[in-house]
Amino acid sequence: MKRILKIVGILVAIIAFIITAGATYISVRGIPTYEAHPPDLKVEGDSAMIAEGKRMATLVCHNCHMSKNGLLEGKYMEDMPPEFGKAWSANITQDDKYGTGRYTDGELAYLLRTGVKRDGSYAPPWMVKFPHLSDYDLNSIIAYLRSEQPELKPVHKQQQACEPTFFAKFLCYVAFKPLPFPEHPVPSPDPTDKVTFGKYIATAKLDCFGCHSPSFEVQNIMEPEKTPGYFSGGNAMPNLSGEIIYTRNLTPDKKTGIGNYTEEQFIKAMKFGMRDNKPSLRYPMPPYAIVTDEEASAVWAYLQTIPAIEHDVDALYAKK
Ligand code: HEC
Ligand code: HEC
């Protein structure tokens, strides 16, 4: 008996040692670095691509990277869930030293797809990744970043480095890994195939699914539909005063989702945050006012085809 106790004691000590050593390693080493393999790419953007890149940047990038001065110089991200630590978005103005001026087109493409920066460091989970974006849309963003726009005027300022918590670093070892760079060209979806086009907007281009699935920790970026609770909402997001707002269930469930919405009601909510007889949608739901009616209608058509999930988001408020 004594001998067994002794063996158990030694085993516990070994496990405790491994855990402590692992934890020390993760906290000291921080977010992991990788080898970057940027493609040989030179984007020749025309005015249509620049306009499309600017539209997408306005819908996605500006929310995080634009400072109060209207410049893409980065800022403190006030609405980061505290369990991840503190974050500042990067300076993505055209500055040669601190902005995207130091990136090649290939390095930008590599970062936006995989999450690995030019120096090999991994852009933490709070910087979005675009593995499924079409080459045309990706190149449009790059063409925009290189174009003459007031918000991209070089700002010679190093943005503060993020301060991830142990939990965030730990997740970067076990859950958030660089995504594979596509081996083949990624074609643009056919806009007349409404459901496929809508899926592309909702999962690859505007990232509705990330916020609208129950948590970022379990989201499956490579195969969005495999995300547990896909589009059923309940992701807890702090607003700018730290109050928790839960994302809504966008599955066609009649009781808890958007099963009783008309297409028109859905589009009004998506584009302008407006709902009939209910308060307007709050931050951090971004108003998608500049999406086209075809895009909004395609997202609606796609959401009609996903499995209905009963998930009562209002009950989450009641539980608190
Ligand atoms: C949800 C917020 C968020 C969105 C949306 C977002 N970013 Fe970022 N981005 C960040 C944060 C935070 C960082 C800094 C990460 C770090 O610590 O390295 C970052 C880093 C970067 C970097 C790395 C710069 C460097 O210094 O190495 C580039 C380039 C970039 N973002 C471009 C973009 C573009 C282009 C878009 C839109 C297509 C975009 N980001 C959308 C939050 C965001
Ligand atoms: C940054 C996170 C975020 C992103 C990205 C996002 N949403 Fe939302 N969305 C929210 C939050 C939070 C709410 C709930 C706001 C509230 O309760 O006031 C919401 C609510 C909604 C609603 C209202 C549903 C209802 O029950 O009335 C619709 C519709 C919606 N979002 C559609 C979309 C679509 C479509 C996209 C992608 C184009 C999208 N959202 C992207 C956070 C997000």
Side-chain angles (χ1 to χ4, degrees), residues 31 53 56-66 72 74-77 79-80 84-93 95 97-100 102-103 107-112 115-119 121-130 133 137-138 140-142 144-145 158-164 168 198 201-203 205-212 216 231 233-239 244-250 256-258 260-261 265-271 273-276 278-288 291 295-296 298-300 302-303 313-314 317:
I31 288 180
M56 190 175 161
T58 309
L59 288 167
V60 182
C61 326
H62 290 194
N63 296 338
C64 289
H65 284 276
M66 191 174 271
L72 293 176
K75 63 170 177 194
Y76 175 58
M77 295 181 58
D79 55 347
M80 263 270 285
F84 289 139
K86 290 186 174 168
W88 286 262
S89 58
N91 176 350
I92 58 166
T93 68
D95 190 72
K97 183 146 186 237
Y98 300 120
T100 49
R102 69 199 203 283
Y103 272 77
E107 286 169 344
L108 279 173
Y110 196 77
L111 163 71
L112 291 170
V116 177
K117 294 189 249 177
R118 64 191 291 280
D119 62 1
S121 57
Y122 177 66
W126 40 93
M127 158 67 193
V128 276
K129 327 273 168 347
F130 299 91
L133 196 62
D137 283 342
L138 185 78
S140 297
I141 293 179
I142 297 172
Y144 158 72
L145 290 172
Q158 180 152 35
Q159 196 45 260
Q160 197 159 331
C162 297
E163 295 169 9
I201 303 289
T203 60
K205 191 161 176 172
L206 299 182
D207 197 28
C208 317
F209 104 93
C211 282
H212 280 279
F216 290 116
F231 267 115
N235 200 346
M237 314 197 87
N239 67 11
I244 295 294
I245 310 292
Y246 294 98
T247 62
R248 314 264 341 154
N249 183 342
L250 300 187
T256 60
I258 56 167
N260 293 321
Y261 277 58
Q265 283 170 326
F266 172 81
I267 293 178
K268 227 165 67 185
M270 171 181 174
K271 290 184 73 161
M274 279 155 55
R275 291 183 298 177
D276 296 344
K278 277 199 205 163
S280 314
L281 295 173
R282 294 157 291 177
Y283 184 92
M285 167 64 195
Y288 289 96
V291 298
E295 288 170 322
V299 170
W300 164 257
Y302 170 62
L303 291 174
V313 171
D314 291 321
Y317 288 103

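Numbering of ligands and ligand atoms starts at 1, following listing order.
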(request) Select one of side chain, backbone, both or neither to describe which atoms of M77 lie under 4.0 Å from any atom of ligand 1, heavy atoms only. (result)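 Answer for M77: side chain.
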
(request) Specify side chain, backbone, both or neither for D119, according to which of its non-hydrogen atoms lie closer than 4.0 Å to ligand 1. (result)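 Near ligand 1, D119 shows nothing, with every heavy atom at 4.0 Å or more.
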
(message) If you measure every N or O of N91 against every N or O of ligand 1, does any of those distances drop under 3.5 Å?
(response)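 Min N/O separation from ligand 1 is not below 3.5 Å for N91.
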
Closest to [atom] (judged by heavy-atom distance), picking from [options]:
atom	options	result
atom 8 (Fe) of ligand 2	H212, M237, R282	H212
atom 26 (O) of ligand 1	Q159, E163, R102	R102
atom 38 (C) of ligand 1	P125, C61, A57, P286	C61
atom 28 (C) of ligand 2	I267, L250, I258	L250
atom 24 (C) of ligand 2	R275, R248, K268, Q265	R248
atom 12 (C) of ligand 1	W126, F130, Y103	W126
atom 3 (C) of ligand 2	C211, A202, G273	C211

Tell me the protein heavy atom at minimum distance from [atom], and give that distance in Å.
atom	result
atom 29 (C) of ligand 2	F266 CE1, 3.7 Å
atom 14 (C) of ligand 1	W88 O, 3.6 Å
atom 11 (C) of ligand 2	M285 CB, 3.6 Å
atom 17 (O) of ligand 1	C162 SG, 2.9 Å
atom 22 (C) of ligand 2	L281 CD1, 3.6 Å
atom 13 (C) of ligand 1	A90 N, 3.7 Å
atom 18 (O) of ligand 1	K117 NZ, 2.2 Å

Taking 4.0 angstrom as the limit and counting only heavy atoms of [X], give me the atoms of ligand 1 inside it, by number and element.
X	value
V60	5 (C)
V128	4 (C), 5 (C), 6 (C), 41 (C)
I141	35 (C), 38 (C)
C64	1 (C), 2 (C), 3 (C), 4 (C), 5 (C), 42 (C), 43 (C)
I92	28 (C), 29 (C), 30 (C), 32 (C)

(message) Working to the nearest 0.5 angstrom, can you tell me the gap between L303 CG and Y261 OH?
(response)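 So the gap between those two atoms works out to 12.0 Å.
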
(message) I'd like to know whether ligand 2 has Y261 as a neighbour, heavy-atom separation below 4.0 Å.
(response)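 Flag set, Y261 near ligand 2.
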
(message) Is any side-chain heavy atom of F130 closer than 4.5 Å to one of K205?
(response)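 Contact flag for K205/F130 side chains = no.
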
(request) Please confirm whether the backbone N or O of M274 pairs with a side-chain atom of S280, one donor and one acceptor, at under 3.5 Å? (result)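 Judged by distance alone, no pair lies under 3.5 Å.
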
(request) Would you check if the side chain of R118 reaches a backbone N or O of R102 as a donor-acceptor pair within less than 3.5 Å? (result)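 A pair under 3.5 Å: yes.
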
(message) Please determine whether any non-hydrogen atom of L111 lies less than 4.0 Å from an atom of ligand 1.
(response)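 L111: in contact with ligand 1 (<4.0 Å).
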
(message) Yes or no: does P124 have any heavy atom under 4.0 Å from an atom of ligand 1?
(response)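 P124 counts as a contact of ligand 1 under the 4.0 Å cut-off.
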
(request) Could you pull out the atom name of the N/O/S atom in H65 that is nearest atom 8 (Fe) of ligand 1? (result)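 Closest to atom 8 (Fe) of ligand 1 among those atoms: NE2.
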
(request) Decide if atom NZ of K271 counts as having more than 12 heavy atoms of other residues, nucleotides or ligands within a radius under 6.0 Å. (result)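 Yes, because the 6.0 Å sphere around NZ of K271 holds more than 12 heavy atoms from other groups.
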
